[in-house]
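In listed order, ligands and their atoms are each counted from 1. These numbers were taken from a predicted model, which means no experiment stands behind them.
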Amino acid sequence: MTNTPGVSFRTIWLHPDDPGTVQIIDQRRLPHRYEVVDLQTHADGAIAIRDMLVRGAPLIGATAAWSLYLAALEARSASSSPERQVEFVRSAAETLAATRPTAVNLRWGIDRMLAVLTDVTDSDTMIARLRSEAETICDEDVAISRGIGEHGAELLAAIAERKDGEPVNILTHCNAGSLATINWGTATAPMYIARERGIPIHVWVDETRPRNQGSQLTAWELAQSGISHTVIVDNAGGHLMQHGRVDICITGTDRTTRAGDVANKIGTYLKALAAHDNGVPFYVALPSTTIDWTISDGLRDIPIEERGAEEVTHVSGLDGDKIRTVKIVADASPVRNDAFDVTPARLVTGLITERGVCEASEEGLAGLFPDRAAADQ
Ligand code: MRU
């Protein structure tokens with residue numbers, strides 16, 4: 001398998017020979033195994049999101065969308081009345097919405113799918129509409145990521161010009177790459193466009209404990225695409241910044257408030273603090289689907305997911321040709337596992353969106369998205 005952003009690669013798709021099966025990549029097995037998993041029911045989709053076979057805010061939303069299409073197929077098989085079939089899909093939506101709390105794309109994707117159920121009177125129409133909407137959500141996500149890439153690449157080009165041919169050193173955290181979206185990624189999209197344009201770059205990849213999305217997913221993606229990168233431990237970023245080895249930080253976000261606060265993978269805040277202290281620009285790349293226009297105060301209003309202790313107490317890796325999991329924390333020690341943190345807007349140099357780059361502030365976001373800012377207060 002090759003990961004070719006913008007060409008053929010997708011992270012979720014309808015089985016080419018079976019419209020009753022949605023396929024995903026089991027991201028828990030990367031980088032050691034590339035395994036495709038079939039989803040046949042909405043419950044399969046819910047498990048895939050909860051257990052993180054798929055992850056990353058846009059892909060979570062898209063998986064929920066496709067899962068509602070599967071729910072409609074299940075409802076038709078049960079051959080109940082059209083009203084009861086719609087009811088079934090609505091209850092599947094609630095199951096899916098409860099899987100992961102922080103990424104706002106989950107609720108956004110579900111609401112978009114439920115909106116097409118208005119006035120549905122037969123199951124074939126319901127299924128056709130849900131399939132079409134899930135496809136549209138995925139196609140739009142690809143276009144949005146490409147837009148983020150175009151705008152972000154201009155920032156990289158400006159730094160490259162100052163560096164006179166030396167590579168631009170970018171630090172990223174977690175995986176806000178193709179694997180977190182449908183294609184291109186958000187934080188990685190500018191890197192892929194930079195490569196297209198011949199802008200020399202090098203990426204510092206935070207390993208991103210506890211699940212290691214950086215070392216296991218971002219590094220895999222960049223290697224597939226031939227982009228120069230180096231994996232570093234999570235605590236190394238500040239040191240590299242102090243020594244002038246980082247020109248720009250670009251991360252993703254799972255939920256952005258209308259005032260520009262961002263929730264992203266745990267540890268993002270510490271990188272923003274270090275960047276601030278060292279005068280390194282700290283940008284956050286986001287599709288507008290990640291903006292929660294109903295909230296302003298990220299620390300107060302963004303729900304932070306707490307995940308299981310085993311993500312902290314255990315690590316997995318390749319032992320010979322076998323993937324093994326080993327325990328690294330003593331039984332007697334309790335652990336805590338907050339999966340996200342909030343970086344206040346004041347620490348964010350700018351937001352890279354599909355409509356351009358703006359200040360991380362209510363004015364900045366409203367300037368780019370006046371339609372949304374006015375509608376969803
Ligand atoms: O827990 P995860 O792996 O879903 O967390 C993912 C992140 O934090 C990403 O940075 C975020 O979803 C942005 S994805 C384009």
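For H173 and F282, the ring centers are positioned 6.0 Å apart or more.
A heavy-atom distance below 4.5 Å is found between the side chains of M113 and I137. Between R211 and C174, the closest side-chain pair of non-hydrogen atoms is not below 4.5 Å.
One finds the OG1 atom of T253 at 12.5 Å from the CD1 atom of I352 (value rounded to the nearest 0.5 Å).
Proximity to R100 (heavy-atom distance under 4.0 Å) selects the following atoms of ligand 1: 1 (O), 2 (P), 4 (O). Near P58, with a cut-off below 4.0 Å to any heavy atom, the atoms of ligand 1 are 14 (S), 15 (C). Near C174, the atoms of ligand 1 lying under 4.0 angstrom from a non-hydrogen atom of the residue are 5 (O), 6 (C), 7 (C), 8 (O). For ligand 1, the atoms sitting less than 4.0 Å from at least one non-hydrogen atom of A180 are 14 (S), 15 (C), numbered in the order shown with element in parentheses. Near F340, meaning under 4.0 Å from any of its heavy atoms, are these atoms of ligand 1: 1 (O), 5 (O), 8 (O).
Ligand 1 has a nitrogen or oxygen under 3.5 angstrom from a nitrogen or oxygen of Q213. Remark: ligand 1 and T186 share no N or O pair separated by less than 3.5 Å (distance only, no angle test). Below 3.5 Å of separation, one finds an N or O of K265 facing an N or O of ligand 1. Taking only nitrogen or oxygen atoms, main chain and side chain alike, G56 reaches within less than 3.5 Å of ligand 1. Not one N or O of T181 is nearer than 3.5 Å to an N or O of ligand 1, by distance alone.
With a heavy-atom cut-off of 4.0 Å, T253 touches ligand 1 through its backbone alone. The part of M52 lying near ligand 1 is the side chain, judged by heavy-atom distances below 4.0 Å. Contact annotation for T268 and ligand 1: no heavy atom of the residue comes within less than 4.0 Å of the ligand.
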